[in-house]
Student: 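One structure coming up, written as structure tokens, with questions to follow.
Letters A, B, ... are given to chains in the order of the sequence lines, protein chains preceding strands, and every chain is numbered from 1. Just so you know, these numbers come straight off a predicted model, no measurement behind them.
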2 protein chains.
Amino acid sequence: MALEHAILVSLLEKPGSGYELARRFERSIGYFWTATHQQIYRVLKRMESDGLLAVRGLPQQSRPDKKEYSVVGPGRAALSQWLHEPIEPESVRHDLAVKIRGAAFDDPSVLIREVERHRQVHSDRLAHYLAGELRDFTGPAAPTPLDAGQELQHVVLRGGIAYERMTIAWLDDVLATLRRLGTSHPHA
Amino acid sequence: MALEHAILVSLLEKPGSGYELARRFERSIGYFWTATHQQIYRVLKRMESDGLLAVRGLPQQSRPDKKEYSVVGPGRAALSQWLHEPIEPESVRHDLAVKIRGAAFDDPSVLIREVERHRQVHSDRLAHYLAGELRDFTGPAAPTPLDAGQELQHVVLRGGIAYERMTIAWLDDVLATLRRLGTSHPHA
DNA sequence: TCTTTATATGCAACTCGTTGCATAGCCAAG
DNA sequence: CTTGGCTATGCAACGAGTTGCATATAAAGA
């Protein structure tokens, strides 16, 4: 049920529509939680009928109507309660690692392209995170001093940066290993 | 559908029963893919009826009968095909990061205990991985030279080690941040 | 002796998440 | 002027994953 909580956090940071939430989940929140718009609309509806959120219809000219959601009392209480409960440390689901082990039963060199592609994606993400850090937290246009919310957003972003750096270094290790296997055992 | 592929890889490495697979998913395979026994039994049944796996009933004395699964031709072909298809780079789902951002709307210090607990879990995992690396790949009892399959298993394990080290360092950063906020702004 | 742990498999019900499709109007590019 | 993209919401169907329960035997420990 962590999507509910991610939505509560995002709407507390700033109220918005399902569509806007979906876009946030492609950016900042999406660094550590993903969701499609279908899922978001469904959960928003449930949360509203559970009394965690309030809706406000915003008729717009030359645009479809917008429903702006915001967190109300019970929603804030639900978040607070969740913060006090322990959660399971996350376990990773890494398709690429499955592929790498599976490559032992095929030609390992077929994965080189794939791993290079993943490396590029992570490299792009890292650049994106670093640009965001400079813009919001460490650059000259950033507010000083940062408030508690900004400090917490920054430490989460630093986690994303550390994750991407670690992943890129590991993918380089993977590439070196695949290439080594390719030369010593040409074709499986 | 990556559970199917993880099962194919694991059964190619060594045939086994659903129960045995479930235990492997708590260990080596489980470092990067998790599954409960329910899910494993269901998927094994489907894969067998799809002709990817063969079953062999092993009656045992003083134990319930065991069904040993192994990969047959079409299963190997399915894995090979998957290896040639591109997959989406994984996106993280990190509950703890949601909590950290949510802490801005409550007392950040309530998370200190929780983060310390997660740090301990990751520290234990790291120790476990390092022991496995020494046993299987870098210690005196390890085979030399390693074959391709072992090299690939090792590079995946190195990824797990790098992940845990990065996570521990980040959690230390998180703890320092939470403690700093706690002293400068006592209670929210 | 009674409880727990381990082996070994499975059903039923549920929630979570994805994919495809649908609607509807506006704007910009070709 | 038509195609595609952006805003904005949603249904229906499916597949993935979790939780609770059930069964059966045997060994080890309290």
Side-chain angles (χ1 to χ4, degrees), chain A residues 1-8 11 15-27 29-30 32-50 53 55-69 82 87-95 98, chain B residues 1-8 11 15-27 29-30 32-50 53 55-69 82 87-95 98:
Chain A
M1 294 226 183
L3 177 57
E4 275 195 19
H5 301 116
I7 287 176
L8 286 173
L11 289 180
S17 69
Y19 188 83
E20 281 162 0
L21 277 173
R23 281 192 306 171
R24 288 184 211 173
F25 274 86
E26 286 165 11
R27 305 183 318 105
I29 297 280
F32 47 87
W33 204 268
T34 56
T36 61
H37 74 275
Q38 316 295 349
Q39 222 185 319
I40 290 166
Y41 283 124
R42 206 187 316 166
V43 173
L44 280 175
K45 200 163 281 186
R46 190 184 65 213
M47 290 171 78
E48 196 247 314
S49 79
D50 289 351
L53 302 178
V55 210
R56 207 160 53 105
L58 295 183
Q60 306 184 112
Q61 52 247 47
S62 75
R63 289 268 170 252
D65 285 7
K66 185 193 288 196
K67 294 183 182 173
E68 197 189 62
Y69 290 90
W82 180 65
I87 52 172
E88 283 295 301
E90 86 294 341
S91 27
V92 187
R93 295 234 162 147
H94 207 133
D95 300 66
V98 178
Chain B
M1 292 224 183
L3 177 57
E4 275 195 19
H5 302 115
I7 287 175
L8 287 172
L11 290 179
S17 67
Y19 188 81
E20 281 161 0
L21 277 173
R23 280 192 306 170
R24 289 184 212 172
F25 274 86
E26 287 165 12
R27 305 183 319 103
I29 298 279
F32 46 87
W33 204 268
T34 56
T36 61
H37 74 274
Q38 315 294 350
Q39 223 186 317
I40 290 166
Y41 283 123
R42 206 185 317 164
V43 173
L44 280 174
K45 200 162 280 186
R46 189 185 64 210
M47 290 170 79
E48 196 246 318
S49 79
D50 288 350
L53 302 179
V55 210
R56 206 160 54 103
L58 295 182
Q60 304 184 112
Q61 52 246 44
S62 76
R63 290 266 170 251
D65 285 5
K66 186 193 288 198
K67 293 183 182 173
E68 197 188 63
Y69 290 90
W82 180 65
I87 51 172
E88 283 296 299
E90 87 294 340
S91 26
V92 186
R93 295 236 162 145
H94 208 131
D95 301 64
V98 179

Student: Suppose we screen for side-chain contact (heavy atoms from CB on, under 4.5 Å). Which residues come up paired with Ala22(A), at least two apart in sequence or across chains?
Tutor: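 With neighbours one apart ignored, the set is His37(A), Ile40(A).
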
Student: Measure from the side-chain heavy atoms of Tyr41(B) and tell me the nearest of dA8(D), dG17(D), dG10(C).
Tutor: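 Among dA8(D), dG17(D), dG10(C), the one nearest the side chain of Tyr41(B) is dG10(C).
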
Student: Going by ring-ring contact (aromatic ring centres under 6.0 Å, His included), name the residues that satisfy it together with Trp82(B), two or more places apart in sequence or in a different chain.
Tutor: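 Trp82(B): ring-ring contact (aromatic ring centres under 6.0 Å, His included) contacts with His5(B).
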
Student: If the condition is side-chain contact (heavy atoms from CB on, under 4.5 Å), which residues does Arg42(B) pass it with, not counting sequence neighbours?
Tutor: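 Arg42(B) satisfies side-chain contact (heavy atoms from CB on, under 4.5 Å) with no other residue.
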
Student: Would you kindly give the CD-to-P distance between Glu26(B) and dA8(C), to the nearest whole Å?
Tutor: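 About 14 Å, once rounded to whole Å.
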
Student: The side chain of Thr36(A) lies closest to which of these nucleotides: dA8(D), dT19(C), dG17(D)?
Tutor: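 The answer is dT19(C), which lies nearest to the side chain.
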
Student: Once you round it to whole Å, what is the distance between P of dT7(D) and NZ of Lys66(A)?
Tutor: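 Distance, rounded to whole Å: 10 Å.
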
Student: Find the distance Leu21(B):CG to dT7(C):P and express it as a whole number of Å.
Tutor: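 That distance rounds to 14 Å.
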
Student: Could you tell me which residues satisfy salt bridge (charged side-chain N to carboxylate O under 4.0 Å, His left out) with Arg46(B), sequence neighbours excluded, listed by chain and number?
Tutor: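 Arg46(B) satisfies salt bridge (charged side-chain N to carboxylate O under 4.0 Å, His left out) with Glu4(B) once adjacent residues are dropped.
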
Student: What pairs with His94(B) under side-chain contact (heavy atoms from CB on, under 4.5 Å), at least two apart in sequence or on another chain?
Tutor: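 Counting only residues at least two positions away or on another chain, His94(B) forms a side-chain contact (heavy atoms from CB on, under 4.5 Å) with Phe32(A), Glu90(A), Val92(B), Leu96(B), Ala97(B), Tyr163(B), Trp170(B).
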
Student: Five pairs per end, C1' atoms only: what is the angle between the end axes of the helix from dT1(C)-dA30(D) to dG30(C)-dC1(D), to 10 degrees?
Tutor: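 Inter-axis angle at the ends, rounded: 30°.
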
Student: What pair of heavy atoms forms the shortest contact from Trp33(B) to Ala2(B), and how long is it?
Tutor: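 Closest approach of Trp33(B) to Ala2(B): CH2-CB, 3.5 Å.
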
Student: Got a sec, which residues hit side-chain hydrogen bond (donor to acceptor under 3.5 Å, both in side chains) with Thr36(A), two or more places apart in sequence or on another chain?
Tutor: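 side-chain hydrogen bond (donor to acceptor under 3.5 Å, both in side chains) check on Thr36(A) returns nothing, list empty.
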
Student: Compare side-chain N and O positions of Tyr19(A) against OP1 and OP2 of dT9(D) and report whether any pair is under 4.0 Å apart.
Tutor: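 Checking Tyr19(A) against dT9(D): no side-chain N or O falls below 4.0 Å of OP1 or OP2.
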
Student: Using atom NZ of Lys67(B) as one end and atom P of dT7(C) as the other, report the distance to the nearest whole Å.
Tutor: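 Distance, rounded to whole Å: 19 Å.
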
Student: How close do Leu11(B) and Gly16(B) get, counting heavy atoms only, and between which atoms?
Tutor: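 That closest heavy-atom pairing would be CD2-N, 3.5 Å.
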
Student: Let's see if you can work this out: which of dT18(C), dG20(D), dT7(D) has an atom nearest to the side-chain heavy atoms of Gln38(B)?
Tutor: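 The answer is dG20(D), which lies nearest to the side chain.
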
Student: Could I get a table of every N or O pair under 3.5 Å where one atom is in the protein and the other is in nucleotides 14-16 of chain D?
Tutor:
{"residue": "dA16(D)", "atom": "OP2", "partner": "Arg46(B)", "partner atom": "NH1", "Å": "3.4"}

Student: Using whole Å, report how far CG of Asp50(A) lies from P of dT15(C).
Tutor: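 That distance rounds to 12 Å.
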
Student: With Glu20(B), which residues qualify under salt bridge (charged side-chain N to carboxylate O under 4.0 Å, His left out), at least two apart?
Tutor: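 Salt bridge (charged side-chain N to carboxylate O under 4.0 Å, His left out) list for Glu20(B), sorted by chain: Lys66(B).
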
Student: Which whole-number value in Å describes the distance from His37(B) NE2 to dT18(D) C1'?
Tutor: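 In whole Å, dT18(D) C1' and His37(B) NE2 are 11 Å from each other.
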
Student: Return the value, rounded to whole Å, for the distance between atom NZ of Lys45(B) and atom C1' of dT9(C).
Tutor: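 The distance from NZ of Lys45(B) to C1' of dT9(C) comes to 8 Å, rounded to the nearest Å.
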
Student: Figure out the CG/C1' separation between Leu3(B) and dG17(C), and round it to whole Å.
Tutor: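 It is 16 Å, rounded to the nearest whole Å.
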
